[in-house]
Protein chains: 2
Amino acid sequence: MATRTAAERRLEAKADYDAYLASCPSRQLLATLSDKWVTLVVCALGERDHRYSELSTRLAGVSQKMLTQTLRSLERDGLVDRAVTASVPPRVDYSLTALGRSLLDPIQHVKAWAELNMPAVDQARARYDRVSA
Amino acid sequence: MATRTAAERRLEAKADYDAYLASCPSRQLLATLSDKWVTLVVCALGERDHRYSELSTRLAGVSQKMLTQTLRSLERDGLVDRAVTASVPPRVDYSLTALGRSLLDPIQHVKAWAELNMPAVDQARARYDRVSA
DNA sequence: CTGGATCCTCCATGATACTG
DNA sequence: CAGTATCATGGAGGATCCAG
């Protein structure tokens, strides 16, 4: 017991890390927003409302699990509204809440930046790769 | 060979997914930006230049590996500049490039959104958890 | 001080099967 | 149609050691 085990040190470090996060609560939310599917879903719903299957098609490559998981998370955070129509077959429509729409603007700026600067980044990468090759 | 194997279907789906990405190149860059450490590093360097060890301290909880990996990625993408001072002990300063600074504004808007709406999201979560409990 | 290299763990994610 | 449940795994990411 004289020295700490790796597990103990890990826990301790984690506690420090959490404390750091606690002092800046937005970090957690930022981490949530820093999710591939979150960005795509919010952008898609920003264009228009989507049914589950529409989102599934739109975000080609997303698994059911991740789509559902992402939607649940966004619904829980109050960014997305889930409207169930009890019919046969069942129908579920997703839309942005007012809070979700307020996120749309900032997120689209980042998206716009990515689109605008993709060429510059590509050049930078080519340059970097050429030098270190 | 009449039917596709799971592996083949997976490949095919992946190809479709890549094609989708290709039609919207910014997706890849967006994915890069949608990284926890990327956001934190850019924000930190947006405030002021940092040495490697300063970043390591600032982003409490980040491992050497992830910090280095993130910095290399940002350097390669032309967002961050790496200035080595050949001395003993060695000193490496990181700063944002012009391109990196241009990203700062959009990213900080998202950050500001997160800070502003953290309470609303918290309330939404509490409500959601209460109902489904 | 600033990392490079290595090993290893575990979790996010995908595949698959099943249901109201 | 819109999921849920379960299992499997690849790779992100952390721990550790070492070097310039």
Side-chain angles (χ1 to χ4, degrees), chain A residues 3-18 31-32 34-38 40-41 49-76 80-95 132, chain B residues 3-18 31-32 34-38 40-41 49-76 80-95 132:
Chain A
T3 59
R4 284 200 168 73
T5 67
E8 284 174 330
R9 268 182 280 113
R10 188 160 42 220
L11 272 180
E12 187 182 350
K14 195 146 201 156
D16 288 347
Y17 181 48
D18 284 343
T32 301
S34 294
D35 181 274
K36 178 187 185 181
W37 299 123
V38 163
L40 294 178
V41 165
D49 296 355
H50 282 72
R51 296 182 58 177
Y52 180 88
S53 55
E54 290 173 336
L55 281 174
S56 181
T57 301
R58 187 75 199 274
L59 310 188
V62 69
S63 63
Q64 283 190 342
K65 182 177 178 179
M66 289 318 297
L67 182 54
T68 300
Q69 186 173 306
T70 302
L71 287 169
R72 287 288 177 283
S73 167
L74 290 173
E75 187 192 359
R76 183 169 113 92
V80 158
D81 186 55
R82 182 169 178 269
V84 181
T85 304
S87 61
V88 178
R91 174 193 179 101
V92 180
D93 288 273
Y94 290 93
S95 57
S132 51
Chain B
T3 58
R4 286 202 165 71
T5 66
E8 284 173 331
R9 268 182 280 113
R10 188 160 41 219
L11 272 178
E12 188 181 349
K14 194 142 202 158
D16 287 347
Y17 180 47
D18 284 344
T32 301
S34 294
D35 181 274
K36 179 185 183 181
W37 299 123
V38 165
L40 293 179
V41 166
D49 296 355
H50 283 73
R51 297 183 57 177
Y52 180 87
S53 55
E54 289 174 337
L55 281 174
S56 181
T57 302
R58 188 75 198 275
L59 310 187
V62 69
S63 64
Q64 285 189 344
K65 180 180 176 180
M66 290 317 299
L67 181 54
T68 300
Q69 187 174 306
T70 302
L71 287 169
R72 285 290 174 281
S73 167
L74 290 173
E75 186 192 0
R76 184 170 110 94
V80 158
D81 186 55
R82 181 168 179 271
V84 181
T85 304
S87 61
V88 179
R91 174 193 178 103
V92 180
D93 288 272
Y94 290 94
S95 57
S132 50

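Labels below follow one simple rule: chain letters A, B, ... track the order of the sequence lines, proteins then strands, and each chain is numbered from 1.
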S.K.: Using whole Å, report how far CG of A/Leu67 lies from C1' of C/dA12.
M.R.: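 In whole Å, C/dA12 C1' lies 16 Å from A/Leu67 CG.
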
S.K.: Between C/dG3 atom P and B/Tyr52 atom OH, what is the distance in whole Å?
M.R.: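 The distance from OH of B/Tyr52 to P of C/dG3 comes to 6 Å, rounded to the nearest Å.
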
S.K.: Can you tell me how far P of D/dG3 sits from CE of A/Met66, to the nearest Å?
M.R.: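 Taking CE of A/Met66 and P of D/dG3, I get 15 Å after rounding.
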
S.K.: Can you tell me how far the CD atom of B/Glu54 sits from the CG atom of B/Leu59, to the nearest 0.5 Å?
M.R.: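 Output value for this atom pair is 11.5 Å.
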
S.K.: For A/Asp93, give me all partners under side chain to side chain donor-acceptor pair (under 3.5 Å), at least two apart in sequence or on another chain.
M.R.: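 Per chain and number, A/Asp93 pairs via side chain to side chain donor-acceptor pair (under 3.5 Å) with A/Arg91.
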
S.K.: Below the 4.0 Å mark, does C/dC1 have OP1 or OP2 next to a side-chain nitrogen or oxygen of B/Arg51?
M.R.: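 So the side-chain polar atoms of B/Arg51 never come under 4.0 Å of the phosphate oxygens OP1 or OP2 of C/dC1.
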
S.K.: In whole angstroms, how far is the C1' atom of D/dG3 from the NE2 atom of A/His50?
M.R.: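 Going from A/His50 (NE2) to D/dG3 (C1'), I get 18 Å.
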
S.K.: Quick one: side chain to side chain contact (heavy atoms under 4.5 Å, CB included) partners of B/Val84, sequence neighbours excluded?
M.R.: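 With neighbours one apart ignored, the set is B/Arg82, B/Val92.
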
S.K.: So does A/Ser53 get a side-chain nitrogen or oxygen closer than 4.0 Å to the phosphate oxygens (OP1/OP2) of D/dA2?
M.R.: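 Looking at the OP1 and OP2 atoms of D/dA2, one of them is under 4.0 Å from a side-chain N or O of A/Ser53.
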
S.K.: In whole Å, what is the span from the CG atom of A/Leu55 to the C1' atom of D/dA2?
M.R.: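 Rounding to the nearest Å, CG of A/Leu55 and C1' of D/dA2 are 12 Å apart.
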
S.K.: Over how many whole Å does the gap from A/Leu71 atom CG to C/dT13 atom P extend?
M.R.: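 So the two atoms are 14 Å apart, to the nearest Å.
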
S.K.: Take atom CD of A/Gln69 and atom P of D/dT6, then tell me their distance rounded to the nearest Å.
M.R.: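 To the nearest whole Å, that distance equals 16 Å.
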
S.K.: Donor-acceptor pairs are to be reported for all side-chain atoms of residues 64-73 of chain B against protein atoms at under 3.5 Å, with residues two or more places apart or in another chain.
M.R.:
from: B/Thr68; atom 1: OG1; to: B/Tyr52; atom 2: OH; distance (Å): 3.1
from: B/Thr68; atom 1: OG1; to: B/Gln64; atom 2: O; distance (Å): 3.0
from: B/Thr70; atom 1: OG1; to: B/Met66; atom 2: O; distance (Å): 2.6

S.K.: Where do A/Pro89 and A/Ser87 come nearest, in terms of heavy atoms and distance?
M.R.: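 Closest approach of A/Pro89 to A/Ser87, heavy atoms only: O-OG, 2.8 Å.
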
S.K.: So, for B/Lys36 and A/Ser34, which heavy atoms are closest and what is the spacing to 0.1 Å?
M.R.: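 It is N-CB, 4.4 Å.
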
S.K.: So, using side chain to side chain contact (heavy atoms under 4.5 Å, CB included) as the criterion, who are the partners of A/Ser95 when residues are at least two apart?
M.R.: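 A/Ser95 satisfies side chain to side chain contact (heavy atoms under 4.5 Å, CB included) with A/Asp49, A/Asp81 once adjacent residues are dropped.
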
S.K.: For the side chain of B/Lys65, starting at C-beta, report the closest nucleotide among C/dG4, C/dT6, C/dT13.
M.R.: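 It is C/dT6.
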
S.K.: Tell me: NZ of B/Lys36 to C1' of D/dG14, nearest whole Å?
M.R.: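 It is 12 Å, rounded to the nearest whole Å.
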
S.K.: Are OP1 or OP2 of D/dG3 and a side-chain N or O of A/Arg72 less than 4.0 angstrom apart?
M.R.: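 Checking A/Arg72 against D/dG3: at least one side-chain N or O falls below 4.0 Å of OP1 or OP2.
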
S.K.: Heavy-atom nearest nucleotide on DNA chain D for A/Glu54 versus B/Asp35: which residue maps closer to 5'?
M.R.: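 Closest to the 5' end, via its nearest nucleotide, is A/Glu54.
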
S.K.: Taking the side chain of A/Thr68 as its heavy atoms from C-beta onward, which of D/dG3, C/dG14, C/dG3 lies nearest to it?
M.R.: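 Nearest nucleotide to the side chain: D/dG3.
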
S.K.: Tell me which nucleotide among C/dG14, C/dA17, C/dG4 gets nearest to the side chain of B/Gln64.
M.R.: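 The closest nucleotide is C/dG4.
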
S.K.: Residues from residues 84-94 of chain A sitting under 4.0 Å of DNA chain C, heavy atoms only?
M.R.: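 Per residue number, the list reads A/Pro90.
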
S.K.: Give me the stems containing DNA chain C, sorted by first residue, counting only three or more consecutive Watson-Crick or G-U pairs with both distances under 3.5 Å; say none if there aren't any.
M.R.: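 Looking at DNA chain C, the stems formed by three or more consecutive pairs are C:1-20 with D:1-20.
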
